[in-house]
Amino acid sequence: MAKISIDINYIKDSLEKMGYAISDCVERENNGSFWQFKFSNSSAIVSVYDTNNKKNSVVGGKAEDEERKCLKEIVDKLKCKELQIDPMNRDIVDLINNQEERDYCDFKVEFHHEKGDLLHDILCLSNNTGNKDAFLIFGVADDGEVVGIKEKLSSNNLFDFLRGIKFAGGHMPDVEVKNLYYCHKNIGVIVCKSSKFVPFYLTERYRKVMDHQIYTRVGDTNTPANKHAEYCDIEKLWRIHFERENEQ
């Protein structure tokens, strides 16, 4: 059996993208060589062995059982390059570490039970007046505490839902689903991309979301579902629309 070629820098970079703050990465010898990782934000100690055994990484230290189990599965996959960490993961980790919701960042402990609430959040974020990419992040409490999610987000379910909504001009918000990590925990993200078609609004009411009503997000606060955005914010959105209308 061919020996696995371990790319230790790939493992290190991936763990950092996931939010692990590596305080030590040392190559050691003990019946063969291995690398040992320690972290400043976790009590886990990870040992990655230079052998052809795909699943012999060891997670020790004082980490809880859940973290040990999940982190071992992650490191074993990274060792064999069976797992690739999305480049966006680092950006989302940074947003969470700031522990502050903004006009382009909204934390949710869990996925919406009510689809009207989901639609309202997507409209508010997509209509942010900075016209930035905005992020609806699941598995994070309002205070920035990461609790994780048990089931991954489904892009098919989201797109099927949005295709059934009557958007003005037939312009649906440009969204993307990402299933990412915060350390060993799974988090989900709906990316609401910057668009020239702002402001997005409905021509037919959907549950709590009113028709012909423009919503946005100011700071960490969405426009209430039964109200319009402020006049000045609506004006900003239409100005963006007309300034970008000739973009291809």
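Atom set for the values below is all heavy atoms of this structure, side chains included, hydrogens, waters and symmetry mates excluded.
Ion pairing of Glu176 with Lys178 is present here, as a side-chain N (NZ or NE/NH1/NH2) and a carboxylate O approach within less than 4.0 Å. Using a 4.0 Å cut-off between a side-chain N of Lys or Arg and a carboxylate O of Asp or Glu, Lys108 and Asp106 qualify as a salt bridge. Look at Asp65 and Lys69 and you find no salt bridge, because none of the NZ, NE, NH1 or NH2 atoms lies under 4.0 Å from a carboxylate O. Here Lys79 does not pair with Asp76 in a salt bridge; the nearest charged N to carboxylate O distance is not below 4.0 Å.
When each of Val59, Ile74, Ile22 is checked for a side-chain contact (heavy atoms from CB on, under 4.5 Å) with Val46, only Val59 meets the rule.
Note: Asp133 CG to Cys192 SG = 9.0 Å, rounded to the nearest 0.5 Å. To the nearest 0.5 Å, atoms CG (Leu71) and OG (Ser42) are separated by 7.0 Å. Atoms OG and CZ, on Ser14 and Arg90 in that order, are 9.0 Å from each other to the nearest 0.5 Å. In this structure, the separation between NE2 on His241 and CZ on Phe200 is 10.0 Å, given to the nearest 0.5 Å. The CG atom of Asn127 sits 7.0 Å away from atom CD1 of Ile214, with the distance rounded to the nearest 0.5 Å. Summarising the geometry, atom CD belonging to Glu64 is positioned 7.5 Å from atom NE2 belonging to His184; distances are rounded to the nearest 0.5 Å.
Arg28 and Gln36 make their closest contact through NE-OE1, 3.3 Å (heavy atoms, listed as atom of the first residue, atom of the second, distance). Of all non-hydrogen atoms in Ala44 and Glu67, the two that sit nearest each other are CB-OE2, 4.2 Å. The minimum heavy-atom distance between Pro173 and Leu123, with the atom names listed, is CG-CD2, 4.5 Å. Taking each heavy atom of Phe167 and Leu119 in turn, the nearest pair found is CZ-CD1, 4.0 Å. When all heavy atoms are compared, the tightest approach of Gly116 to Arg207 is N-CD, 4.3 Å. Contact record, Ala168 with Thr203: CA-CG2, 3.6 Å, taken as the closest heavy-atom pair.
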Report task. Starting from the C-alpha separation in whole Å, work towards a yes-or-no answer on side chain to side chain contact (heavy atoms under 4.5 Å, CB included) for Ile187 and Tyr181. Result -> CA-CA 5 Å; Ile187 58 173; Tyr181 293 92; 5.7 Å; no
Report task. For side chain to side chain contact (heavy atoms under 4.5 Å, CB included), just list the numbers for Arg102 and Asn98, CA-CA rounded to whole Å, side-chain angles, deciding distance to a tenth of an Å, and then say yes or no. Result -> CA-CA 10 Å; Arg102 303 180 182 185; Asn98 286 333; 3.5 Å; yes
Query raised in the report: Can you list the steps and then say if Val198 with Arg244 is a side chain to side chain contact (heavy atoms under 4.5 Å, CB included)?
Result: CA-CA 10 Å; Val198 293; Arg244 296 186 61 181; over 6 Å; no
**Report entry** Residues Phe37, Val75; criterion side chain to side chain contact (heavy atoms under 4.5 Å, CB included); working and verdict
**Finding:** CA-CA 11 Å; Phe37 290 90; Val75 173; over 6 Å; no
Requested in this report: Tell me, with the steps shown, if Lys196 and Glu245 meet salt bridge (charged side-chain N to carboxylate O under 4.0 Å, His left out).
Outcome: CA-CA 6 Å; Lys196 68 178 184 178; Glu245 66 177 337; over 6 Å; no
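One hydrophobic cluster, built from ILVMFWY side chains closer than 4.5 Å, holds both Ile6 and Tyr20. Under the 4.5 Å side-chain heavy-atom criterion for Ile, Leu, Val, Met, Phe, Trp and Tyr, Tyr104 and Leu180 are members of the same hydrophobic cluster. If you chain together hydrophobic residues whose side chains sit under 4.5 Å apart, Val175 and Leu153 fall into the same group. Ile122 and Tyr201 fall within a single hydrophobic cluster, where Ile, Leu, Val, Met, Phe, Trp and Tyr are joined by side-chain heavy atoms under 4.5 Å apart, directly or via other members.
Cation-pi contact between Lys81 and Tyr10: present, with separation from the ring centre below 6.0 Å and deviation from the ring axis of at most 45°.
Proximity of Trp35 to Asp50: side-chain heavy atoms (C-beta onward) are separated by under 4.5 Å at one or more points. Between Ile85 and Met18 the shortest side-chain heavy-atom distance falls below 4.5 Å. In this structure the side chain of Val218 never reaches within 4.5 angstrom of the side chain of Asp103, judged on heavy atoms. Side-chain contact between Ile96 and Phe107 is present, with at least one heavy-atom pair separated by less than 4.5 Å.
For Tyr49, the ring pair (Phe, Tyr, Trp, His ring centres under 6.0 Å) partners two or more places apart in sequence, or in a different chain, are Phe34.
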Sequence neighbours excluded and cut-off under 3.5 Å, please list the side-chain donor-acceptor pairs for residues 135-149, or say none.
{"from": "Asp143", "atom 1": "OD1", "to": "Glu145", "atom 2": "N", "distance (Å)": "3.0"}

Side-chain polar contacts of residues 232-239 - donor-acceptor pairs under 3.5 angstrom, sequence neighbours left out - could you list them?
none

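At distances below 3.5 Å, not a single donor-acceptor pair connects side-chain atoms of Arg163 with backbone N or O atoms of Ile165. The main-chain N or O of Val177 is never found under 3.5 Å from a side-chain atom of Ser155 such that the two would form a donor-acceptor pair.
Between Phe161 and Tyr206, the two ring planes are perpendicular [angle over 60°; tilted spans 30° to 60°].
For the 3.5 Å distance criterion, the side chains of Asn131 and Ser194 qualify, holding a donor opposite an acceptor. No hydrogens or angles considered: nothing links the side chains of Asp121 and Tyr215 as a donor-acceptor pair under 3.5 Å. No hydrogens or angles considered: nothing links the side chains of Arg217 and Asn128 as a donor-acceptor pair under 3.5 Å.
Counting non-hydrogen atoms of neighbouring residues, nucleotides and ligands closer than 6.0 angstrom, the CD atom of Gln99 exceeds 12 such neighbours.
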